[in-house]
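To start, the structure itself, in structure tokens.
All values derive from a computational prediction rather than experimental measurement.
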Amino acid sequence: MIHNIKPDLLTRKVQVVLVGAGGTGSHVLRRLANIHMAMVELGHPAGLDVSVYDPDVVSKTNVGRQAFYPSDVGLPKAAILVHRCNLLMQTKWEAHQEKLTSKSNLYSADVVIGCVDNRAGRKAILAATEANRKATYYMDFGNREHDGQVILGQVMPESNEKSKNEVRLPHAANLFPELVDESLDDKDETPSCSLAEALEKQSLFINDTVANAGMNMLWELFRYGQLSYHGLFINNKTGRVNPLPIDPEAWARFGYDVMPKKTIRKRSSGRTRPN
């Protein structure tokens, strides 16, 4: 199956919200700048308009694995990255040094990108996106020490569902409900004291690798207007990359049913029929 982009996204400014400017998010923002410049160069009328949410400041352990430099230490992550993009790319993007919550206003967002490392954060992003009054793309990144995944889905109000000929792309929480189960979050939130210690938890380039993979997928969508896959599973240790096809049978293997079975209601005669 092929997913086609909503036509109006090719004719107006695209509103993007990036949540998280750390291990993966800092690399994603650099690639969003690349996508923006390429879109404009190829004739898109306005490219991307990006807002970044992150409450943290740069620490010494971030330098080397994230897209920060020694001179950035102590500065707000979102602000320094957005300022750098605006200065170098002549954009007018916005930084929010705050934590995105389930009540955050994402009503204007066309694309929401989650680069958080906990389930509570994902749950908040999804809740804020679901409150949107229009169809919204939701791209979720996740990774462990050597492997990671990126999934592009759609959050769509029931009143705005697509026609029967089109299938909504399931998002990460549809395929992996445990990703928004806060009870599974690791309670050990002690920060690493050095880059060496941080590298014991995640390999040096896994964040950059999944960021590039996800942004290439987004670029394909805007460059050609369609996708034949909407996710990637990447393992830097083995060198394997497996795509997630746009295919209800593939989604069913994760327990997601595009067309939920109708409930059965008993009749007075004792027989049953679909409701």
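Under the side chain to side chain donor-acceptor pair (under 3.5 Å) criterion, H230 pairs with W251, sequence neighbours left out. Residues passing the ring-ring contact (aromatic ring centres under 6.0 Å, His included) test with Y256, sequence neighbours excluded: none.
Judged purely by atom type and a 3.5 angstrom limit, R122 has no side-chain atom pairing as donor or acceptor with the backbone of G114. The backbone N or O of L100 sits nowhere less than 3.5 Å from a side-chain atom of S104 that would complete a donor-acceptor pair. Of the possible donor and acceptor atoms, one in the side chain of N174 sits under 3.5 Å from a partner among the backbone N and O of H171. Although no hydrogens or angles enter the test, the distance criterion places no donor-acceptor pair under 3.5 Å between the side chain of W219 and the main chain of M39. Side-chain N or O atoms of S102 include none that pairs as donor or acceptor with a backbone N or O of A124 at under 3.5 Å. For Q154 (side chain) and L169 (main-chain N/O), a donor-acceptor pair under 3.5 Å exists by modelled atom type. At least one donor-acceptor pair under 3.5 Å links the side chain of D72 to the backbone N or O of Y69. Judged purely by atom type and a 3.5 angstrom limit, D54 has no side-chain atom pairing as donor or acceptor with the backbone of G20.
Looking at I234 and N242, their side chains never come closer than 4.5 Å, going by heavy atoms from C-beta outward. Considering only heavy atoms from C-beta on, I113 stays 4.5 Å or farther from V17 through its side chain. Side-chain contact between V52 and H96: absent, with no pair of heavy atoms (C-beta onward) separated by less than 4.5 Å. Contact of the Y53 side chain with the E98 side chain is registered, since non-hydrogen atoms from C-beta on lie closer than 4.5 Å. Using a 4.5 Å heavy-atom cutoff, the side chains of N143 and Q149 are not in contact. Under the 4.5 Å side-chain criterion, counting only non-hydrogen atoms from C-beta, E94 is in contact with S51. I5 places a side-chain heavy atom less than 4.5 Å from the side chain of F222. In this structure the side chain of Y138 never reaches within 4.5 angstrom of the side chain of L152, judged on heavy atoms.
With a 6.0 Å cutoff to the six-membered ring centre and a 45° limit on the axis angle, R133 counts as a cation-pi contact of Y107.
From L227, atom CG reaches atom CE of M1 across 12.5 Å, with rounding to the nearest 0.5 Å. To the nearest 0.5 angstrom, Y229 atom OH is 13.0 Å from H3 atom NE2. From D181, atom CG reaches atom CZ of F176 across 15.0 Å, with rounding to the nearest 0.5 Å. Distance check, rounded to the nearest 0.5 Å: NE2 of H27 to CG of N212 gives 8.5 Å. With rounding to the nearest 0.5 Å, the separation of CG in N118 from NZ in K123 is 12.0 Å. With rounding to the nearest 0.5 Å, the separation of CG in D140 from CD1 in I125 is 7.0 Å.
Transitive grouping of hydrophobic side chains (ILVMFWY, heavy atoms separated by less than 4.5 Å) keeps V82 and M37 in distinct clusters. Hydrophobic clustering (ILVMFWY, side-chain heavy atoms < 4.5 Å, transitive): V111 and L126 are in distinct clusters. Clustering ILVMFWY residues whenever any of their side-chain heavy atoms sit less than 4.5 angstrom apart, transitively, puts M89 in a cluster other than the one holding L81. V155 is not connected to Y137 by any chain of hydrophobic side-chain contacts under 4.5 Å among Ile, Leu, Val, Met, Phe, Trp and Tyr, and they are in different clusters. Cluster annotation: L18 and V14 are assigned to the same hydrophobic cluster (Ile/Leu/Val/Met/Phe/Trp/Tyr, side-chain heavy-atom contacts under 4.5 Å, transitive).
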Steps toward side-chain contact (heavy atoms from CB on, under 4.5 Å) verdict (T136, M156): CA-CA 6 Å; T136 307; M156 194 172 299; over 6 Å; no
Candidate pair V57 and L75, rule side-chain contact (heavy atoms from CB on, under 4.5 Å), full reasoning: CA-CA 5 Å; V57 298; L75 298 175; over 6 Å; no
Side chain to side chain donor-acceptor pair (under 3.5 Å) assessment of N132 paired with T129: CA-CA 5 Å; N132 202 337; T129 305; over 6 Å; no
CA sep, side-chain torsions, deciding dist, call: Q66, N207, side-chain contact (heavy atoms from CB on, under 4.5 Å): CA-CA 8 Å; Q66 302 179 17; N207 297 104; over 6 Å; no
Residue pair M217, M139: steps toward the side-chain contact (heavy atoms from CB on, under 4.5 Å) verdict: CA-CA 10 Å; M217 185 160 51; M139 177 175 279; 3.9 Å; yes
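No salt bridge links R253 with D247; every basic N to acidic carboxylate O contact stays at or beyond 4.0 Å. Under 4.0 Å is where a charged nitrogen must lie from a carboxylate oxygen, and between D147 and K237 no such pair does.
Few gaps surround CD on E178; more than 12 heavy atoms of other groups in view lie less than 6.0 Å from it. Counting non-hydrogen atoms of other residues, nucleotides and ligands closer than 6.0 Å to CZ of F254 gives a total above 12.
Of all non-hydrogen atoms in F141 and A211, the two that sit nearest each other are CE2-CA, 3.8 Å. Shortest non-hydrogen contact noted between G22 and K77 is CA-NZ, 3.9 Å. Listed here is the closest heavy atom pair of D208 and R31: OD1-NH2, 4.4 Å. Closest of all the heavy-atom pairs between G148 and I206 is N-CD1, 4.0 Å. Here the closest heavy-atom approach between residue L232 and residue A213 is recorded as CD1-CB, 3.7 Å. Here the shortest heavy-atom pairing between S26 and A67 reads OG-N, 3.1 Å.
Under the 3.5 Å distance criterion, with hydrogens and angles disregarded, no donor-acceptor pair is assigned to the side chains of S203 and N236.
Under the salt bridge (charged side-chain N to carboxylate O under 4.0 Å, His left out) criterion, the residue pairs touching residues 104-117 are R12-D110, D110-K134, with sequence neighbours excluded.
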